[in-house]
Asker: 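Sharing a structure, written as structure tokens. Questions coming.
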Amino acid sequence: MKTADNIRIGIPRDSITESIWQENIEPVQSDISKHNPETTYDVLIIGGGITGITTAMLLQEAGKNCILAEAHTIGYGTTGGTTAHINTFLDIGYDHIEKNFGEEASKTVAMACKEAIELVAGFVTKYKIDCDFAYKKGFLYAETEKEASDLDKLSEASIKAGVPVQPADNIPVPVPFKKAVVFDRQAQIHPLKYIYALALEFTKKGGLILQNTLIQSTEKSSDFHIAKADNTSIKAKKIVYATHIPPGINLLHFRCAPYRSYSLGVRLAGNNYPFDLAYDMKVPYHYFRTHDINGQQYLVIGGEDHKTGHGNPDQAFQSLEEYVHHHYRGASVEFKWSAQYYVPADGLPYIGKLPGFDNDVYVSTGFNGNGITLGSISGKILRDLVLDYINPYADLFSPGRIKPVAGFTDFVKENADVAYRFFADRLSAKDIHSLNEIPLDSGALVEYKNEKLAIYKDATGEIHALNPVCTHAKCIVNWNNSEKSWDCPCHGARYAINGEVLTGPASKGLQKVEIGQGPD
């Protein structure tokens with residue numbers, strides 16, 4: 001199994017665990033010497049995942065002079081940990097979209113999802129991208145009467161929205177079910193092969209990529225923005241934040257909640273790998289597909305989602321493995337990893353101008369578990385907004401939309417939780433009198449000499465101490481033992497054991513703390 005103990009060298013990701021996609025990928029080359037800080041670019045795209053690469057590519061194709069800055073390496077974040085389903089339906093069902101936004105909105109969402117698949121397929125064909133793109137059927141199934149009733153509502157609303165759905169007599173996974181439906185013309189890809197190929201084409205067209213360039217601040221002059229990183233500065237007329245959630249404190253941090261989803265790459269004892277995609281109706285739901293990696297087929301299964309910094313990642317992985325072994329006797333788990341996504345308060349993504357900022361600052365976030373689909377269509381929406389074109393999806397997905405009813409309950413719940421964690425985590429910590437109580441290769445929040453510290457003890461017993469206050473909104477981070485990271489339970493910032501930023505919205509690392517390491 002690819003874990004912290006036996007991880008192989010490949011494309012890096014924001015986790016100690018290794019996803020199925022990270023090996024045998026030719027790295028994107030970037031050379032900061034090609035960047036002249038005095039050049040004023042048309043657009044700066046911040047973030048090198050599916051959203052950033054797609055947006056940059058479309059703008060460069062349209063004749064704009066673009067630069068993309070990635071804090072780590074291309075695909076380092078969620079795109080390197082997605083399971084890469086591309087769907088004409090979203091985690092929020094069309095029945096809920098219709099209820100919250102109306103029938104026309106449901107039709108608009110359906111068109112956007114269909115166009116996202118066409119966009120990916122078009123790039124694959126145009127640039128001859130070898131990324132294992134394939135059309136698949138998507139099976140959605142119910143195991144209880146309540147789930148069957150919910151599935152009926154979802155199916156009826158999907159048809160009204162213009163998404164073809166048919167009853168299904170069987171499903172591609174060995175799970176007993178009461179009712180199932182099938183969506184045609186879904187798709188899957190190898191996500192890193194796809195975005196790495198797009199990144200290469202972007203540079204061939206004159207675009208510039210700066211990797212390992214964490215943008216820490218931006219300021220506006222009369223004619224352009226100046227984005228500052230440790231190693232350089234960038235001037236640009238417009239800025240696109242393709243970073244999952246924008247930095248700083250703004251409205252979207254109160255409308256989106258960070259979640260983690262868990263995935264396994266499994267070798268099956270027989271040859272009963274599912275040919276198509278499958279999803280159950282649980283909350284959180286399980287999702288299945290198959291991918292061939294270097295001639296070996298793997299069942300790719302995910303689920304067990306929970307809020308970042310809240311659940312037990314070790315237990316999530318264990319539960320997912322138990323689920324696999326229950327339905328697939330003799331299965332061997334070869335890969336396990338998790339990835340982060342953001343759940344929007346009203347169920348739809350936020351794509352467009354960043355509220356409270358200049359008109360030439362754009363953002364895309366709140367994709368729920370549909371990152372490849374919504375990240376792709378985000379590229380088109382953002383391109384059109386930057387070019388002052390009319391886009392049919394821009395109004396519905398606008399970050400500045402006001403929906404006082406849709407999502408209001410979730411809005412209140414998520415922000416009440418943020419407030420609770422801000423105060424409660426300051427009042428309690430594990431009172432560990434001796435640092436020896438922390439196991440090797442593990443971490444804990446401790447009270448040490450009247451101070452709260454984030455302590456990690458490595459495999460040799462060396463202590464790494466950090467200030468546990470998240471540099472984003474001052475919440476207290478929690479230890480994630482599976483990923484060996486410090487995760488913020490408020491807005492999803494994540495830090496490595498040395499305090500470096502793994503995942504925004506934080507732009508500065510946790511402060512290191514020097515402590516004495518005597519006999520006890």
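Treat the numbers as computed from the prediction; the structure is a model and nothing was measured.
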Asker: I would like to know whether I209 and E70 meet side chain to side chain contact (heavy atoms under 4.5 Å, CB included); could you show each step before the answer?
Answerer: CA-CA 8 Å; I209 293 175; E70 163 56 45; 5.6 Å; no
Asker: Do you know which two heavy atoms are closest between P274 and T290, and how far apart they sit?
Answerer: O-OG1, 2.6 Å
Asker: Should E201 and K126 count as side-chain neighbours, where that means a heavy-atom distance under 4.5 Å?
Answerer: no
Asker: Within a radius of less than 6.0 Å around NZ of K114, do more than 12 heavy atoms belonging to other residues, nucleotides or ligands occur?
Answerer: no
Asker: State, with a plain yes or no, whether a side-chain heavy atom of F202 is found less than 4.5 Å away from one of C66.
Answerer: yes
Asker: What I want to check is whether the side chains of Y196 and H190 have a donor and an acceptor closer together than 3.5 Å.
Answerer: no
Asker: Are V43 and V240 close enough, and set up right, to give a side chain to side chain contact (heavy atoms under 4.5 Å, CB included), and what steps lead you there?
Answerer: CA-CA 7 Å; V43 188; V240 171; 4.0 Å; yes
Asker: In this structure, which one of W479, Y495, W486, Y456 forms a ring pair (Phe, Tyr, Trp, His ring centres under 6.0 Å) with H464?
Answerer: Y456
Asker: Mind checking whether V501 and K508 have side chains closer than 4.5 Å, heavy atoms only?
Answerer: no
Asker: Please lay out, stage by stage, how E219 and S221 fare under the test side chain to side chain donor-acceptor pair (under 3.5 Å).
Answerer: CA-CA 7 Å; E219 60 184 47; S221 71; over 6 Å; no
Asker: Enter the distance from K237:NZ to N65:CG here, rounded to the nearest 0.5 Å.
Answerer: 9.0 Å
Asker: For the side chain of K64 and the backbone of D42, is there at least one donor-acceptor N/O pair under 3.5 Å apart?
Answerer: no
Asker: Start with the C-alpha distance between E115 and Y393, add both sets of side-chain angles, then the distance that settles side chain to side chain donor-acceptor pair (under 3.5 Å), and finish with yes or no.
Answerer: CA-CA 11 Å; E115 190 170 339; Y393 316 120; 2.5 Å; yes
Asker: What's the verdict on side chain to side chain contact (heavy atoms under 4.5 Å, CB included) for I92 and V109, showing C-alpha distance, side-chain angles and the deciding distance?
Answerer: CA-CA 11 Å; I92 178 175; V109 171; over 6 Å; no
Asker: Got a second to check how far D305's CG is from Y287's OH, nearest 0.5 Å?
Answerer: 5.5 Å
Asker: If the threshold is 4.0 Å, N to carboxylate O, is there a salt bridge linking R494 and D487?
Answerer: yes
Asker: For I234, is there any backbone N or O sitting under 3.5 Å from a side-chain donor or acceptor partner on Y41?
Answerer: no
Asker: Look at the aromatic rings of H244 and F367 and report parallel, tilted or perpendicular, splitting at 30° and 60°.
Answerer: tilted
Asker: Could you tell me the separation between the CD atom of E500 and the OG atom of S485, rounded to the nearest 0.5 Å?
Answerer: 13.5 Å
Asker: Taking side chain as C-beta onward, heavy atoms only, is L387 less than 4.5 Å from R383?
Answerer: yes
Asker: Scan for ring-ring contact (aromatic ring centres under 6.0 Å, His included) pairs involving residues 53-75, sequence neighbours excluded, and state none if there are none.
Answerer: H72-Y76
Asker: May I ask you to test the R185-T88 pair for a side-chain heavy-atom distance under 4.5 Å?
Answerer: no
Asker: Is atom OH of Y389 surrounded by more than 12 heavy atoms (other residues, nucleotides or ligands) closer than 6.0 Å?
Answerer: no
Asker: What heavy-atom pair brings T51 and A242 nearest, and what distance separates the two atoms?
Answerer: CG2-CB, 3.9 Å
Asker: Answer yes or no: does atom NZ of K228 have more than 12 heavy-atom neighbours from other residues, nucleotides or ligands under 6.0 Å?
Answerer: no
Asker: If you draw a 6.0 Å radius around CD in E118, do more than 12 non-hydrogen atoms from other residues or ligands fall strictly inside?
Answerer: yes
Asker: Do Q211 side-chain atoms and V28 backbone N/O form a donor-acceptor pair below 3.5 Å?
Answerer: yes
Asker: Give me the atom names and distance for the closest heavy-atom approach of L320 to Y262.
Answerer: CD2-O, 3.3 Å
Asker: Please confirm whether the backbone N or O of K205 pairs with a side-chain atom of Q60, one donor and one acceptor, at under 3.5 Å?
Answerer: yes
Asker: How long is the gap from CD1 on I86 to CG on L277, to the nearest 0.5 Å?
Answerer: 9.5 Å
Asker: Locate the shortest heavy-atom distance separating I16 from S482; write the atom from each residue and the value.
Answerer: CG2-O, 3.3 Å
Asker: Please answer whether the main-chain N or O of G369 pairs with a side-chain N or O of D91 as donor and acceptor at a distance below 3.5 Å.
Answerer: yes
Asker: Dump the intermediate steps for side chain to side chain contact (heavy atoms under 4.5 Å, CB included) on I377 and L119, then the final yes or no.
Answerer: CA-CA 8 Å; I377 199 60; L119 174 64; 5.6 Å; no
Asker: Report yes if some heavy atom in the side chain of D360 is under 4.5 Å from a heavy atom in the side chain of H225; otherwise report no.
Answerer: yes
Asker: Please give me the minimum heavy-atom distance between G509 and T471, naming the atom from each residue.
Answerer: O-CG2, 3.1 Å
Asker: For the backbone of I50 and the side chain of T54, can you confirm whether one donor and one acceptor N or O come within less than 3.5 Å of each other?
Answerer: yes
Asker: Salt bridge between K484 and D441, side-chain N to carboxylate O under 4.0 Å?
Answerer: yes
Asker: Working to the nearest 0.5 Å, report the span between CZ of R13 and OG1 of T73.
Answerer: 11.0 Å
Asker: Looking at C475 and C488, is the distance between their SG atoms under 2.5 Å?
Answerer: no
Asker: Measure from the side-chain N and O atoms of N368 to the backbone N and O of N370, and report whether any donor-acceptor pair falls under 3.5 Å.
Answerer: no
Asker: Does some side-chain heavy atom of V266 sit less than 4.5 Å from a side-chain heavy atom of E334?
Answerer: no
Asker: Using the side-chain hydrogen bond (donor to acceptor under 3.5 Å, both in side chains) rule, pick out the option among D14, T308, T503 that qualifies with Q340.
Answerer: T308
Asker: With rounding to the nearest 0.5 Å, note down the distance linking OG1 in T55 to CG in L382.
Answerer: 4.5 Å
Asker: Tell me if a side-chain donor or acceptor on R255 pairs with a main-chain N or O of P399 at a distance below 3.5 Å.
Answerer: yes
Asker: Under 3.5 Å, side chain of T78 to main-chain N/O of Y341, donor-acceptor pair present?
Answerer: no
Asker: With under 30° as parallel and over 60° as perpendicular, where do the rings of Y194 and F123 fit, or are they tilted in between?
Answerer: tilted
Asker: Taking all non-hydrogen atoms of both residues, which atom of I351 and which atom of L374 are closest, and how far apart?
Answerer: CD1-O, 4.5 Å
Asker: Using the six-membered ring wherever Trp is involved, compare the ring planes of F288 and Y328 and label them parallel, tilted or perpendicular (cut-offs 30° and 60°).
Answerer: tilted
Asker: Kindly say whether W337 contributes a backbone atom to a donor-acceptor pair with the side chain of S19 at under 3.5 angstrom?
Answerer: no
Asker: May I ask you to test the I11-P27 pair for a side-chain heavy-atom distance under 4.5 Å?
Answerer: yes
